[in-house]
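Worksheet for the structure shown next.
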Amino acid sequence: MRVLVVEDEVKMARASRRGLEQEGYAVDTAADGDQGWFQASEHPYDAIVLDVMLPDVDGFEVCRRLRAAGRWAPVLLLTARDAVPDRIDGLDAGADDYLVKPFAFGELLARVRALVRRGAMARPVVLTCGDVALDPAAHTVTRAGQPVELSPREFALLEFLLRHPGEVVTRTAILEHVWDYDYDGLSNVVDVYVGYLRRKLEQPFGRTLIRTVRGVGYALDPG
């Protein structure tokens, strides 16, 4: 397993490298955000330990750049900033975990092991399909760059469809994930809300987005 440690504090970088190597990891280090971004974009790391307070480019921005470039190595952010808004910013930037300094090195190792088990699956910060983009953190939707206002339930339905690209999603699965297991309302509620999405995301733009698979459910198919 190959890990990148991006840390500008020399002692911390050395200690992290030494400890990870003793656990059997191959470790590369970078001393600033630009170097960290370059190395992480060039090599397929199994995990990245990324300090937030870096010279030039901070850890949040490095993480954003990696996700925007389609680099999905799991990221553990290290920081002395323990305020809730900082943790939210880091996770919304695409990080997978957050560890506040000072910390026990055993905890760092445990979190790295968990990230390595998770693997480098695609976890985009902004979900897209064709010219449709949904940002879960900002709670915004655009099509062809134009903002589209959705209700909370419409937003949840679109997000669920976007998280299953290339799949036909059944009405039952939609009900269970966008509503809940105990929903006991209208039997055609999924079809009704798909209709709402079509009126907002298809008709004004003259292009399709959601394809009906008769007898099964729905799939995204941007026209």
Side-chain angles (χ1 to χ4, degrees), residues 33-34 37-38 40-42 44 57-75 77 85 87-96 119-180 183 185-186 188-223:
D34 282 328
W37 151 244
F38 174 77
S41 63
E42 290 293 315
V57 180
D58 68 19
F60 294 158
E61 180 60 22
V62 172
C63 197
R64 290 189 193 97
R65 291 183 185 181
L66 289 172
R67 298 317 187 217
R71 307 297 291 193
W72 304 114
V75 172
L77 288 177
R87 295 200 295 272
I88 292 172
D89 287 345
L91 295 171
D92 283 344
D96 299 272
M121 298 184 299
R123 300 175 306 284
V125 175
V126 176
L127 305 174
T128 61
C129 181
D131 60 356
V132 175
L134 179 148
D135 186 333
H139 211 272
T140 59
V141 174
T142 61
R143 181 157 206 188
Q146 300 299 313
V148 179
E149 294 293 329
L150 299 181
S151 72
R153 191 72 72 182
E154 293 164 355
F155 188 94
L157 173 55
L158 179 61
E159 180 176 356
F160 184 70
L161 292 172
L162 286 167
R163 291 191 183 279
H164 295 80
E167 299 179 25
V168 177
V169 184
T170 66
R171 290 174 175 82
T172 300
I174 294 172
L175 277 173
E176 290 174 348
H177 289 272
V178 178
W179 280 264
D180 57 46
Y183 176 77
L186 295 172
N188 67 336
V189 67
V190 173
D191 305 307
V192 170
Y193 272 83
V194 167
Y196 294 159
L197 288 179
R198 283 173 168 158
R199 282 196 287 274
K200 293 183 177 182
L201 288 163
E202 294 184 353
Q203 294 177 10
F205 299 93
R207 296 189 295 282
T208 60
L209 175 64
I210 304 171
R211 173 169 56 91
T212 301
V213 180
R214 194 173 300 278
V216 182
Y218 298 96
L220 292 180
D221 186 16

query: Is there a donor-acceptor pair under 3.5 Å between the side chain of Glu154 and the backbone N or O of Ser151?
result: yes
message: I need the Asp92 CG to Phe60 CZ distance, nearest 0.5 Å.
response: 10.0 Å
message: So, using side chain to side chain contact (heavy atoms under 4.5 Å, CB included) as the criterion, who are the partners of Phe38 when residues are at least two apart?
response: Glu42
message: Using the salt bridge (charged side-chain N to carboxylate O under 4.0 Å, His left out) criterion, which residues pair with Asp96? Sequence neighbours excluded.
response: Arg67, Arg118, Arg123
query: Sub-3.5 Å donor-acceptor pair from the side chain of Arg211 to the main-chain atoms of Leu220, do we have one?
result: no
statement: Closest non-hydrogen atoms of Gly33 and Val62, given as atom of the first, atom of the second and distance, are O-CG2, 3.6 Å
query: Counting N and O atoms only, with roles assigned by atom type, does the side chain of Arg198 sit under 3.5 Å from a partner on the main chain of Ile210, one being a donor and the other an acceptor?
result: yes
Verdict with reasoning, Arg171 to Asp191, per side-chain contact (heavy atoms from CB on, under 4.5 Å): CA-CA 8 Å; Arg171 290 174 175 82; Asp191 305 307; 2.9 Å; yes
field: Where Gly94 and Cys63 come nearest, the two heavy atoms and their spacing
entry: C-SG, 3.4 Å
Inter-residue atom distance Leu161.CG - Ile174.CD1, 0.5 Å rounding: 5.0 Å
task: I would like to know whether Glu202 and Arg207 meet salt bridge (Lys or Arg N to Asp or Glu O under 4.0 Å); could you show each step before the answer?
output: CA-CA 5 Å; Glu202 294 184 353; Arg207 296 189 295 282; over 6 Å; no
query: Are any of the side-chain heavy atoms of Phe205 and Val148 separated by less than 4.5 Å?
result: yes
Tyr218 and Val168: CA distance, side-chain angles, deciding distance, side-chain contact (heavy atoms from CB on, under 4.5 Å) verdict: CA-CA 5 Å; Tyr218 298 96; Val168 177; over 6 Å; no
- line: Smallest heavy-atom separation, Ala133 atom then Val126 atom, equals CB-CG1, 4.0 Å
- request: Give the intermediate values and the outcome of side-chain contact (heavy atoms from CB on, under 4.5 Å) for residues Val194 and Leu157.
  value: CA-CA 8 Å; Val194 167; Leu157 173 55; 4.1 Å; yes
- request: Any chance you could measure Leu197, atom CG, to Phe155, atom CZ, to the nearest 0.5 Å?
  value: 11.0 Å
- line: Asp135 meets the salt bridge (charged side-chain N to carboxylate O under 4.0 Å, His left out) criterion, sequence neighbours left out, with none
query: Leu201 and Leu158: side-chain contact (heavy atoms from CB on, under 4.5 Å), yes or no, with the steps?
result: CA-CA 10 Å; Leu201 288 163; Leu158 179 61; 3.8 Å; yes
- request: Can you sort out the partners of Glu61 under salt bridge (charged side-chain N to carboxylate O under 4.0 Å, His left out), two or more places apart, ordered by chain and number?
  value: Arg64, Arg65
Non-hydrogen atoms of Leu162 and Cys129 that approach each other most closely: CD2-CB, 3.5 Å
- request: Apply salt bridge (charged side-chain N to carboxylate O under 4.0 Å, His left out) to Arg87 and list each qualifying residue two or more places apart in sequence or on a separate chain.
  value: none
- request: Give a yes or no answer on whether the side chain of Arg153 reaches the backbone of Val178 with a donor-acceptor pair at less than 3.5 Å.
  value: yes
Contacts of type side chain to side chain contact (heavy atoms under 4.5 Å, CB included), residue Ala68, not counting sequence neighbours: none
message: Between Lys200 and Glu149 (side chain of the first, backbone of the second, donor and acceptor by atom type, cut-off under 3.5 Å), is there such a pair?
response: yes
- prompt: How far does NE2 of His139 sit from CG of Leu150, to the nearest 0.5 angstrom?
  reply: 8.5 Å
- prompt: Do we see a donor-acceptor contact under 3.5 Å between the side chains of Asn188 and Tyr193?
  reply: no
- prompt: CZ of Arg163 to CG of Leu134: how many Å apart, nearest 0.5 Å?
  reply: 8.0 Å
